[in-house]
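Side-chain atoms are counted along with the backbone in the values below, which use heavy atoms only and exclude waters and symmetry mates. This is a predicted model, so every value here is computed, not measured.
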Amino acid sequence: MEKKSYSLLELAHILDVPYKGDGSVVIDGVGPLETAGPTHLTFLANAKYRAKLESSRAAAVIVDPSFEDVGRPVLVSPNPYWTMAKAAQLFYTPPVLDPGIHPSALVSPHASVASDAALGPWVHVGAGSSIGAGTRLYGHVYVGANVTIGRDCLIYPHVTILDGSRLGDRVIIHSGTVIGSDGFGFAQDAQGRSTKIPQTGIVQIDDDVEIGANCAVDRATFGRTWIQEGVKIDNLVQIAHNVTIGRHSIIVAQVGIAGSVTLGNHVVLGGQVGIAGHLTVGDRVRIGAKSAISHSVEPGQDLLGIPAMPQKQWLRHYAAWLRLPRWQQELAALKERVRFLEKTLERYQTPTEDGHHGNER
C-alpha cells in the first residue's frame, strides 16, 4: 500500500488552519510529543507539556495561537486536539478488506450489495437488506432481513445487526455489539408470572455514529430506538428499547440507559452512569461517572453522585463527608464535656448531710 504523506502547506490547506515556517516539510504520520519521529506531526494542547516539546523529534507541531514561536514549523489552531484528530484521519487506513463478496459469505438473492462494498468470510446478509457503497463487513458479521446499511460504514467482526435495523452513512460498529436485540418488555399477572411483550419496533442509527465493542442496542417495543447523528458510544453500553440519544452526545463505558429515556443533543454520560426509565435529559447535560439519574434533568446542568445532584452541591457534600472523622472526634469530646458538666451540676444541686446543697458554703 502506498505510504501517505503531505507537505505542511498541503496539511494547512486540508485542515483549514494557517501555518508558520517551512511549508515544504514532509509529514507522513502523527504522534505524541515523546515518540513522534522526524517526519511526524505532533501537537501541544496544554502549556504544562511545553518542556517536552524541546526534546521532541517531530518535524512540525500543532499549537494554539499563544505558542506560535516554538522554534519549528507549526500549524496554528484554536483547538489543537481537534486539528490533531483531523490530521490523524488522513494517515489512518482501516484493516484491509478488498471490495467484493468472499466465497464463504451467505448473501440472500433478494439482498442488494453495492459493487464496491466488501463482505468478509462467513458474513450473512438476509433477504431485503441493502449494503451501501464502500461499506465493509468483516468476518462473521450477521445482517438480518430488511436491514439498511448506508455508505462507507465499518462493521467489525462478530457484529450482529438484526431484522429491520437502519444504519446511515459512515457508521462504525465494533466487535461483539448487537443491534436490534429484543427490548426487555414483560407484563406480570397477579401471581407475578411474566409474559413477553413482542418487540416489533426497530433500531435507527444515523450518520457518523460510532459504537464500541460488546454493546447492546435494543429494538423498540413499538416505533424506534433512535441514535442520532454523530453520537459516540464506548464499549459495554446498554441502550434499552425506545431510547432516543440526541445528536453528538458521548456515552462512556458501562453506561446503562433504561427504556423510553430521551437524551438531548451534546449530552455527556461518564462511565457507569445509570438512568432510570421514561426520563428526559436536556441538551448539553454532563453527568459524572457512576452517577444515578432518577429524575428528569433540565438542559445545561452538570450532575454527580448517587442520587445525582448538581455538581457544586455534590462537592459541598463530599467536603463535609471528608470532615466526618474530625467531627466525630469533636462530638465525642463535646459529649464527654457535657457529661462532666452534668455531674458537676448534679453534685452542686444534691443536699449534703447537714441539709445544705453542694453549692452552699
Side-chain angles (χ1 to χ4, degrees), residues 1 88-89 92-183 201-220 224-239 243 245 247-251 253 255:
M1 182 177 295
Q89 291 177 7
Y92 174 72
T93 300
V96 175
L97 186 62
D98 294 330
I101 300 173
H102 191 276
S104 66
L106 179 61
V107 179
S108 168
H110 303 292
S112 171
V113 178
S115 60
D116 63 346
L119 276 58
W122 307 110
V123 167
H124 174 281
V125 179
S129 292
S130 64
I131 311 298
T135 286
R136 301 180 182 192
L137 276 57
Y138 292 88
H140 294 274
V141 168
Y142 178 92
V143 177
N146 301 311
V147 171
T148 300
I149 300 178
R151 301 174 59 92
D152 299 315
C153 296
L154 292 177
I155 313 299
Y156 284 98
H158 295 281
V159 168
T160 299
I161 304 173
L162 295 168
D163 295 2
S165 299
R166 301 175 186 171
L167 280 62
D169 298 335
R170 299 173 301 281
V171 172
I172 301 173
I173 303 178
H174 291 271
S175 297
T177 286
V178 178
I179 305 296
S181 48
D182 277 1
I202 66 164
V203 173
Q204 177 177 326
I205 299 174
D206 291 348
D207 296 348
D208 300 302
V209 169
E210 182 163 355
I211 301 177
N214 296 316
C215 296
V217 183
D218 292 348
R219 69 176 56 251
R224 64 183 173 181
T225 300
W226 187 12
I227 302 176
Q228 297 181 0
E229 175 189 358
V231 170
K232 309 303 180 187
I233 299 173
D234 200 356
N235 303 331
L236 297 166
V237 170
Q238 158 65 21
I239 298 172
V243 167
I245 300 179
R247 298 190 309 277
H248 303 291
S249 292
I250 295 175
I251 314 297
V255 164

Do Tyr138 and Val159 have side chains that get closer than 4.5 Å, going by heavy atoms? no
Please name the pair of heavy atoms, one in Leu162 and one in Gly180, separated by the smallest distance, quoted to 0.1 Å. CD1-O, 3.5 Å
Whether over 12 other heavy atoms sit under 6.0 Å from Arg136 CZ: yes
Over all heavy atoms of both residues, which pair between Ala114 and Gly132 is shortest? Give the atoms and the distance, please. CB-C, 3.6 Å
Given side chains that start at C-beta, do those of Ile239 and Val203 come closer than 4.5 Å, heavy atoms only? no
Considering all heavy atoms of both residues, which atom of Gly168 and which atom of Val171 are nearest to each other, and what is their separation? O-CG2, 3.7 Å
Hey, are the side chains of Val123 and His102 touching, using non-hydrogen atoms and a 4.5 Å cut-off? no
Could you measure the distance from the CG atom of Asp234 to the NE2 atom of His174? Nearest 0.5 Å is fine. 9.5 Å
Quick one: closest heavy-atom pair of Thr135 and Cys153, and the distance? OG1-N, 3.0 Å
So do the side chains of Val178 and Thr160 get within less than 4.5 Å of each other, counting heavy atoms only? yes
Please evaluate residues Arg170 and Asp208 with respect to the criterion salt bridge (charged side-chain N to carboxylate O under 4.0 Å, His left out), reporting the C-alpha separation (whole Å), side-chain torsions for both, the decisive distance (0.1 Å), and the verdict. CA-CA 5 Å; Arg170 299 173 301 281; Asp208 300 302; 2.7 Å; yes
Taking the side chain as every heavy atom from C-beta outward, state whether Leu167 and Ile155 have any atom pair closer than 4.5 Å. yes
So, His110 and Ser108: side-chain donor and acceptor under 3.5 Å apart, yes or no? no
Value rounded to 0.5 Å, distance of CG in Asp152 from CD1 in Ile172: 10.5 Å
Does any N or O in the side chain of Asn235 come within less than 3.5 Å of the main-chain N or O of Ala253, such that one atom is a donor and the other an acceptor? no
Can you name the closest pair of heavy atoms from Asp206 and Gln228 and give their distance? OD2-CA, 3.5 Å
Enter the distance from Thr148:OG1 to Ile202:CD1 here, rounded to the nearest 0.5 Å. 8.5 Å
Taking every non-hydrogen atom, the tightest pair across Ala118 and Pro99: CB-CA, 3.9 Å
To the nearest 0.5 Å, tell me how far Ile211 CD1 sits from Ile233 CD1. 4.5 Å
By the definition side-chain contact (heavy atoms from CB on, under 4.5 Å), identify the one residue from Val217, Asp218, Val243 that meets it with Gln238. Asp218
Would a distance-only check, ignoring hydrogens and angles, find a side-chain to backbone donor-acceptor pair under 3.5 Å from Arg219 to Gly201? yes
Separation between OG of Ser129 and NE2 of His124, rounded to the nearest 0.5 Å: 8.5 Å
Please round to the nearest 0.5 Å and tell me the distance separating atom CG of Leu137 and atom CG of Leu119. 5.0 Å
Checking Asp163 side chain against Gly144 main chain: does a donor-acceptor pair fall under 3.5 Å? no
Can you tell me if Asp116 uses its side chain to pair, donor with acceptor, with the backbone of Gly134 under 3.5 Å? yes
Less than 4.5 Å apart, side chain to side chain, heavy atoms only: is that true for Tyr156 and Val141? no
